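Worth saying up front: this structure is predicted, and the values here are computed from it rather than measured. Hydrogens, waters and symmetry mates are skipped; everything else that's a heavy atom, side chains included, is used. Start at 1 and go down the list; that is how both ligands and their atoms are numbered.
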Amino acid sequence: MRLAALPRFPLAQLPTPLEEATRLSHALGGVRILVKRDDLTGLALGGNKTRKLEYLIGDALAQGASLVLTEGPAQSNHCRQTAAAAARAGLRCVLVLNSPDPAPPLQGNLLLDHLFGAEVHLVRHRDERHAELEHLANLFAARGDRPYVIPTGGSTPVGAAAYVRAALELAAQLVERGVMATRVYLATSTSGGTHAGMVLGASLLGQPFEVIGVAVEDEAEAIRQRVAALAEATAELLGLERRFPPEAIIVDDRWVGPGYGVPSEETLEAIVLAARTEGLVLDPVYTGKAMAALIGQIRRGEIASGETVVFLHTGGAPALFAQAERLAAVVASQRPVVEP
Ligand SMILES: *Cc1c(COP(=O)(O)O)cnc(C)c1O
């Protein structure tokens, strides 16, 4: 496999910790839960994009790029981590963000984008983003700059390769502890790089665990196709031949709730439970939904009580502050009443 040969710009604190979530397990009736802390990758409040950016920025530098451009919603964790990674690498960073609000509040990830010195271009709709990105890339190229374009979520084969490495890292940690985990839960979307990398990694390891992608947007079929194709393209980048039929990609789409970025009651309950049992900070867009799925599957008896599962914490905490009002209402209503 050609993983070690890919250019890599070190950004992450690896390996990330693998922690026992004893009190959460107990609260849910005993299924053993380990948390793989990719929220602690170390750069700019952490998250899964930092692993991908090690390879993406490595590739950009190898190509002699002078600036990186990428796109996402206004509260994109990927854009925030890209802005910080670019700062570390001494590259300019240009972000195209979509927001229905022409002047979105400078909070959460968007505040941090500006803090890291990124140049932010706003568009109204998600479908306008890519054309604007291409337009800017061409403009910079015409001025003699060398732009490197990173697609949404950094989910190219180069980015996804980082999660092949993460799968190997996790498997080694499990072996070291003598633990057999049957499933790994992670938040997934039509970006799909984390899911694809983990699926390919698990396949290379001889399938020690199932990889369960919890959909955070209502696109299960599109996610299966995207993850399968990206896993195959990543295998090819690594000099391997692997086939992944979309039907073999596991997507649980029962926890999307009202839509992308909008937490359901179950999402908010999962955020509060993880916080109050383990001191974990989950987010309303991704990890809160992934945890809602894990909790829901345990409560529905879909996971046997003797099983050990891994929850991949992909980060996202800054988005929590951008949705402070929604969460504040829940936290206040669940505050224990002190008896006089
Ligand atoms: C981007 C992101 C994901 C999804 O990762 P992809 O590889 O883009 O599918 C999951 N969780 C968080 C917190 C993210 O920021």
So the atoms of ligand 1 within less than 4.0 Å of a heavy atom of Ser189 turn out to be 9 (O)

Distance filter under 4.0 Å to Lys52 heavy atoms, resulting ligand 1 atoms: 6 (P), 7 (O), 8 (O)

Do me a favour and list the nearest non-hydrogen protein atom to atom 11 (N) of ligand 1 with residue, atom name and distance? Thr314 OG1, 2.6 Å

Indicate yes or no: does an N/O atom of Ala187 lie under 3.5 Å from an N/O atom of ligand 1? no

Side chain or backbone, does Gly315 bring an N or O within less than 3.5 Å of an N or O on ligand 1? no

Do ligand 1 and Ser191 have nitrogen or oxygen atoms that lie under 3.5 Å from each other? yes

Can you tell me how far CG of Leu122 sits from OG of Ser99, rounded to the nearest 0.5 angstrom? 6.5 Å

Against ligand 1, does Gly47 come closer than 4.0 Å with any heavy atom? no

Would you mind telling me which of Glu132, Glu217, Glu71 makes a salt bridge (Lys or Arg N to Asp or Glu O under 4.0 Å) with Arg126? Glu217

For Gly193, atoms of ligand 1 separated by under 4.0 Å from a heavy atom: 6 (P), 7 (O), 9 (O)

Is there a side-chain contact between Tyr55 and Leu11 in this structure, where contact means two heavy atoms from C-beta onward sitting under 4.5 Å apart? no

Which ligand 1 atoms, with their elements, are less than 4.0 angstrom from a heavy-atom of Asn77? 13 (C), 14 (C), 15 (O)

Does Ile223 offer a backbone N or O that forms a donor-acceptor pair with the side chain of Thr190 under 3.5 Å? no

Only heavy atoms of Gly192, strictly under 4.0 Å: list the atoms of ligand 1 that pass. 6 (P), 9 (O)

Is it true that Arg243 and Glu241 have a side-chain N and a carboxylate O under 4.0 angstrom from each other? yes

For atom 5 (O) of ligand 1, grab the closest protein heavy atom and report residue, atom and distance to one decimal in Å. Asn48 ND2, 3.1 Å

Can the positive tip of Arg51 be found less than 6.0 Å from the middle of the six-membered ring of Tyr163, inside 45° of the ring normal? yes

Is the positively charged end of Lys49 above the ring of Tyr286, judged by distance under 6.0 angstrom from the centroid and angle within 45° of the axis? yes

Is it the case that atom CD in Glu221 sees more than 12 heavy atoms from other parts of the structure closer than 6.0 Å? yes

Would Lys49 count as being in polar contact with ligand 1, using the rule that some N or O on each side must be under 3.5 angstrom apart? yes

With a cut-off of 4.0 Å, which atoms of ligand 1 are near a heavy atom of Gly316? 13 (C)

Looking at Gln173 and Pro15, would you say the former's side chain and the latter's main chain have a donor-acceptor pair under 3.5 Å? no

One should read off an interatomic distance between Thr16 OG1 and Lys36 NZ, to the nearest 0.5 angstrom, of 3.0 Å

Do any nitrogen or oxygen atoms of Thr287 lie less than 3.5 angstrom from nitrogen or oxygen atoms of ligand 1? no

What are the atoms of ligand 1, with element, lying closer than 4.0 Å to any heavy atom of Ser155? 7 (O), 8 (O)

Using a plain distance cutoff, I'd like to know if Asp283 has any nitrogen or oxygen under 3.5 Å from a nitrogen or oxygen of ligand 1. no

